[in-house]
**Student:** 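Take a look at this one; I'll ask things after.
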Amino acid sequence: MKLVVVSAGLSVPSSTRLLADRLAAATGRYASVDVQVVELRDLAVEIAHNFTSGFPGRALSAALEAVTEADGLIVVTPVFSASYSGLFKSFFDVLDQDALTGKPVLIAATGGSARHSLVLEHALRPLFAYLRAVVVPTAVYAASEDWGAEGLAERIDRAAGELGRLMEGLGSGAGAVRRAEVADTAGAADKADASVVVDTDTAAAIAPRSLDGALASADRFTVIPFEQQLAALRP
C-alpha cells in the first residue's frame, strides 16, 4: 500500500518534518506501506502559479497525483496564527475536491506552545471532514517542550496504529459494500429486468439460502437481478 506524507514545514531542519517521519515509521509497524514524502516547501512557487494560471507545474502535478492515488495520508503542518499554514491550505485548495473521498488521513501539527494544540480539532479535522476523508480518531500535536518528554511517543504510536489498521481494513474490503452501482436508479423498483452490482459477502449474509448458488462465483462482484433480490428478501 502507498502511504503519502505531506509536510508543510518551512525550516531546515524542520520539527514538522521530524514529526511526519516518526509518524510514517510508526505506521510501517502496523501495515505494509511504501512511503512517499511531499515537501510543500519545494512546491510553494508552483502552488502560487497554479492559482493564477489554473495549471500545475510538473512537480506539483506529480505531488497531486501521488496524494490522489495514495491508500493513506499523513498530513503535518506548523501552526501559524492559531491555524494551519497558508502553504498547507493552498496545497489542498488546488487538489481536486474529490481526491480524498474515503481516504484514511492522520492529522498532526507542530507549534511553539501547547496552547495551540486545539488547532487539530478546530482547523484540521473540519478541513478534512469537508474533503470527505476518513480522519483517524487520534491526532498528534507536538509542542517544543514535547520533544524528548513522556507522552509524545505513545501518541504517535496510537495514531499510527489507527491509520495502519484502517488502511489494512479498507485495502482488504472484506464484508463491505464499497462501490455499489445501481442501474437506472430512478425506475429500478418498477423494472423486472433491473440489476445491481453487489458485494458478494454482503449479499450472502442477507440471503444465504435463497440465492440458489448465484454467489458461488470466484469474482469479487456478481450481478444479481433486482427481481431475484426482492424475492430473496420476502418472508
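Hydrogens, waters and symmetry mates are skipped; everything else that's a heavy atom, side chains included, is used.
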**Student:** Could you give the distance from CG (Leu18) to CG (Leu23), rounded to the nearest 0.5 Å?
**Tutor:**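 Interatomic distance, Leu18 CG to Leu23 CG, rounded to 0.5 Å: 9.5 Å.
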
**Student:** Mind running side-chain contact (heavy atoms from CB on, under 4.5 Å) on Phe91 and Leu64 for me, showing each step along the way?
**Tutor:** CA-CA 9 Å; Phe91 176 76; Leu64 296 173; 3.7 Å; yes

**Student:** Not counting sequence neighbours, list each pair that qualifies as a side-chain hydrogen bond (donor to acceptor under 3.5 Å, both in side chains) and has a residue in residues 104-116.
**Tutor:**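 Counting only pairs at least two positions apart or across chains, the side-chain hydrogen bond (donor to acceptor under 3.5 Å, both in side chains) contacts touching residues 104-116 are Thr16-Thr110.
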
**Student:** Which distance, rounded to the nearest 0.5 Å, do you find between the CE of Met167 and the NZ of Lys2?
**Tutor:**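 Taking CE in Met167 and NZ in Lys2, the distance rounds to 11.0 Å.
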
**Student:** Using the rule given for side-chain contact (heavy atoms from CB on, under 4.5 Å), can you reason through Ile74 versus Val76, listing the C-alpha separation, both sets of side-chain angles and the distance that settles it, and then say yes or no?
**Tutor:** CA-CA 7 Å; Ile74 294 173; Val76 192; 3.9 Å; yes

**Student:** If every non-hydrogen atom of Gly112 is compared with every non-hydrogen atom of Tyr141, which pair is closest and at what distance?
**Tutor:**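 So the two residues come closest at N-OH, 4.1 Å.
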
**Student:** How many angstroms lie between atom CD of Glu168 and atom CG of Asp71, to the nearest 0.5 angstrom?
**Tutor:** 10.0 Å

**Student:** Distance from Glu39 atom CD to Ser14 atom OG, nearest 0.5 Å?
**Tutor:** 6.5 Å

**Student:** Would you sort out whether Arg17 and Val12 count as a side-chain contact (heavy atoms from CB on, under 4.5 Å), showing the intermediate values?
**Tutor:** CA-CA 9 Å; Arg17 175 60 188 271; Val12 180; over 6 Å; no

**Student:** Going from NE2 on His49 to CG on Leu60, what distance comes out if it is rounded to the nearest 0.5 angstrom?
**Tutor:**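 The NE2 atom of His49 sits 11.5 Å away from the CG atom of Leu60.
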
**Student:** Taking it one step at a time, do Thr138 and Leu163 satisfy side-chain contact (heavy atoms from CB on, under 4.5 Å)?
**Tutor:** CA-CA 9 Å; Thr138 301; Leu163 177 63; over 6 Å; no

**Student:** Tell me whether the centres of the aromatic rings in Phe128 and Phe92 are closer together than 6.0 Å.
**Tutor:**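 Yes, the ring of Phe128 comes within the 6.0 Å limit of the ring of Phe92, centre to centre.
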
**Student:** Specify the closest pair of heavy atoms between Gly9 and Pro78, including all atoms of both residues, with the distance to one decimal.
**Tutor:**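 Taking every non-hydrogen atom into account, N-CD, 4.2 Å.
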
**Student:** Can you confirm whether more than 12 heavy atoms, excluding those of Phe51, are under 6.0 Å from its CZ atom?
**Tutor:** yes

**Student:** If you round to the nearest 0.5 Å, how far is CG of Leu127 from CD1 of Ile107?
**Tutor:**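 If I round to the nearest 0.5 Å, the distance is 9.0 Å.
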
**Student:** Might you point out which heavy atoms bring Val4 and Ala66 nearest each other, and give the distance in Å?
**Tutor:**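 So the minimum-distance heavy-atom pair works out to CG2-O, 3.5 Å.
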
